[in-house]
Engineer: 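This is the structure, below, for whatever I ask next.
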Number of protein chains: 2
Amino acid sequence: MFKYVGIMRVRTSRDLGAAIRQARRSLRLTQAGLAARAGVTRTWLSSVENGKPGAEVGMILRTLDVLDLAIDLQPAGPRHGGFDLDALLGVDDG
Amino acid sequence: MFKYVGIMRVRTSRDLGAAIRQARRSLRLTQAGLAARAGVTRTWLSSVENGKPGAEVGMILRTLDVLDLAIDLQPAGPRHGGFDLDALLGVDDG
DNA sequence: GCGGAATGTCAACGTTCAGCGGCATGCAAT
DNA sequence: ATTGCATGCCGCTGAACGTTGACATTCCGC
């Protein structure tokens, strides 16, 4: 359980909160523990994990950094969700 | 110029602002145009593109959505640049 | 150079945030 | 059942946000 978390696609603040929570748990950190390392308060982290849209992006970035979560922005070209494993492996996608 | 923007890795709010600006220009949108579509004010967008760390994440997400920029969070485990195909093909969640 | 558009920036205002302290709930282990 | 920890939530305060409207500056085409 909570062993490994793959690439997560985020669209809303709820997604973001869920992703942070997952990553935190996969590192076996408590909210208080993560908050301390990221320099935020536990109350704030709790609200963020629950999808607060008004949270400041700078604090979010610090938190993701502590969680070793890299943020990649990619133009929505021909891709649909996550990465295109088929194309990656050379599967003929018709 | 401003033809295509590849995947951008973001660590700070400055990176984020730069990425947004790049994507906006690649779509040949003005700040006013993008702001209108994203439901934000031009003043806010200007400050965000200049790296304001206190911006609300919800508005950022709306903006990225309009720009067709997908957000991927990926655990920075043994990875270096791209993703680890070996691990990808060998995942065993058990 | 000129003119217009795009962008940066400022002040005032109302709104909302983050921090703090505390308390209630839920869950697991004893 | 009781203890302990993790988490959610409340009120309060001070600080910072976002909006509006305006003005200054920069950029780009002509």
Side-chain angles (χ1 to χ4, degrees), chain A residues 1-5 8 10-69 71 73 75, chain B residues 1-5 8 10-69 71 73 75 93-94:
Chain A
M1 43 140 50
F2 302 144
K3 189 120 159 284
Y4 184 80
V5 180
M8 296 174 280
V10 168
R11 281 186 74 81
T12 69
S13 56
R14 300 185 87 89
D15 296 343
L16 181 63
I20 289 178
R21 173 161 289 175
Q22 272 232 256
R24 174 175 62 81
R25 288 188 170 153
S26 79
L27 292 179
R28 307 197 199 301
L29 285 174
T30 65
Q31 286 184 348
L34 172 57
R37 297 178 195 216
V40 303
T41 61
R42 189 187 63 80
T43 303
W44 177 86
L45 181 56
S46 173
S47 60
V48 165
E49 286 190 354
N50 283 298
K52 181 178 197 177
E56 298 184 4
V57 70
M59 305 178 69
I60 301 267
L61 292 174
R62 288 211 311 273
T63 304
L64 293 178
D65 198 59
V66 170
L67 289 172
D68 275 321
L69 280 181
I71 307 165
L73 299 183
Chain B
M1 47 148 70
F2 300 144
K3 201 155 129 248
Y4 178 73
V5 179
M8 297 176 279
V10 167
R11 282 187 74 81
T12 69
S13 55
R14 298 186 88 89
D15 296 342
L16 182 62
I20 288 177
R21 174 161 292 175
Q22 276 255 110
R24 173 176 63 80
R25 288 188 171 152
S26 78
L27 293 179
R28 307 198 202 306
L29 285 173
T30 66
Q31 287 183 347
L34 171 57
R37 298 180 195 215
V40 302
T41 61
R42 189 185 64 81
T43 303
W44 177 88
L45 181 58
S46 174
S47 61
V48 165
E49 287 190 353
N50 283 297
K52 182 177 198 176
E56 298 184 5
V57 70
M59 306 177 69
I60 301 264
L61 292 174
R62 288 211 311 273
T63 304
L64 293 178
D65 198 59
V66 170
L67 289 172
D68 275 320
L69 280 181
I71 308 167
L73 300 183
D93 187 62

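Only this structure's heavy atoms are used, side chains among them; waters, hydrogens and symmetry mates stay out. Here the structure is a predicted model, which means the values were calculated and not measured. Below, chain A is the first sequence line, B the second, and so on; all start at residue 1.
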Engineer: Without swapping roles, check the side chain of Asp15(B) against the backbone of Thr12(B) for a donor-acceptor pair under 3.5 Å.
Structural biologist: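 Side chain of Asp15(B) to backbone of Thr12(B), a donor-acceptor pair under 3.5 Å: yes, one is there.
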
Engineer: Go through dC9(D), dT7(C), dT7(D) for me and flag the one nearest to the Thr30(A) side chain.
Structural biologist: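 The listed nucleotide nearest to Thr30(A)'s side chain is dT7(D).
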
Engineer: Which of these nucleotides, dG21(C), dG8(C), dT19(D), is closest to any side-chain atom of Ser46(B)?
Structural biologist: dG8(C)

Engineer: Figure out the NZ/C1' separation between Lys52(A) and dT15(C), and round it to whole Å.
Structural biologist: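 Distance check: Lys52(A) NZ to dT15(C) C1' gives 13 Å.
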
Engineer: If I take atom CD1 in residue Ile60(B) and atom C1' in nucleotide dG18(D), what distance separates them, rounded to the nearest angstrom?
Structural biologist: 13 Å

Engineer: Closer to the 5' end of DNA chain D via nearest nucleotide, is it Gln31(A) or Ser47(B)?
Structural biologist: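 This one resolves to Gln31(A).
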
Engineer: What about Arg42(B), does its side chain sit under 3.5 Å from the base of dG21(D) through a donor-acceptor pair?
Structural biologist: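 Looking at the base of dG21(D), it does not pair with any donor or acceptor on the side chain of Arg42(B) (distance under 3.5 Å).
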
Engineer: Taking atom C1' of dC27(D) as reference, at what distance in whole Å does atom CZ of Arg24(B) sit?
Structural biologist: 13 Å

Engineer: Given dT7(C), dG21(D), dC9(D), which nucleotide is nearest the side-chain atoms of Thr43(B)?
Structural biologist: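 The nucleotide sitting nearest to the side chain is dG21(D).
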
Engineer: From the options dA18(C), dT7(D), dT19(D), select the nucleotide whose nearest atom is closest to the side chain of Arg21(A).
Structural biologist: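 Between dA18(C), dT7(D), dT19(D), the one nearest the side chain of Arg21(A) would be dT7(D).
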
Engineer: Whole Å only: how far is the CZ atom of Arg25(A) from the P atom of dC27(C)?
Structural biologist: 12 Å

Engineer: State whether the number of non-hydrogen atoms from other residues, nucleotides or ligands found under 6.0 Å of Arg62(A) atom CZ is greater than 12.
Structural biologist: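 Above 12, so yes.
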
Engineer: Hey, are the side chains of Met59(A) and Val57(B) touching, using non-hydrogen atoms and a 4.5 Å cut-off?
Structural biologist: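 The answer is no, as the side chains (C-beta and beyond) never meet within the 4.5 Å cut-off.
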
Engineer: To the side chain of Glu56(A), which of dT7(D), dC17(D), dT7(C) is closest?
Structural biologist: dC17(D)

Engineer: Specify the separation, in whole Å, of atom CG of Asn50(A) and atom C1' of dC9(D).
Structural biologist: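 In whole Å, dC9(D) C1' and Asn50(A) CG are 10 Å from each other.
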
Engineer: Nearest 0.5 Å please: distance from the CD1 atom of Ile71(B) over to the CG atom of Leu61(B).
Structural biologist: 4.5 Å

Engineer: Let me know the distance between CZ of Arg28(A) and C1' of dT7(D), rounded to the nearest Å.
Structural biologist: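 My rounded result for the distance is 19 Å.
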
Engineer: Name the nucleic acid region contacted by Glu49(B), choosing base, sugar-phosphate or nothing; use a 4.0 angstrom heavy-atom cut-off, strictly under.
Structural biologist: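 The answer is nothing, as Glu49(B) stays clear of every strand by at least 4.0 Å.
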
Engineer: Rounded to whole Å, please give me the gap between CH2 in Trp44(B) and C1' in dT9(C).
Structural biologist: 17 Å

Engineer: Just by distance, do the side chain of Ser46(A) and the backbone of Arg42(A) share a donor-acceptor pair under 3.5 Å?
Structural biologist: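 Not confirmed, Ser46(A) side chain does not pair with Arg42(A) backbone.
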
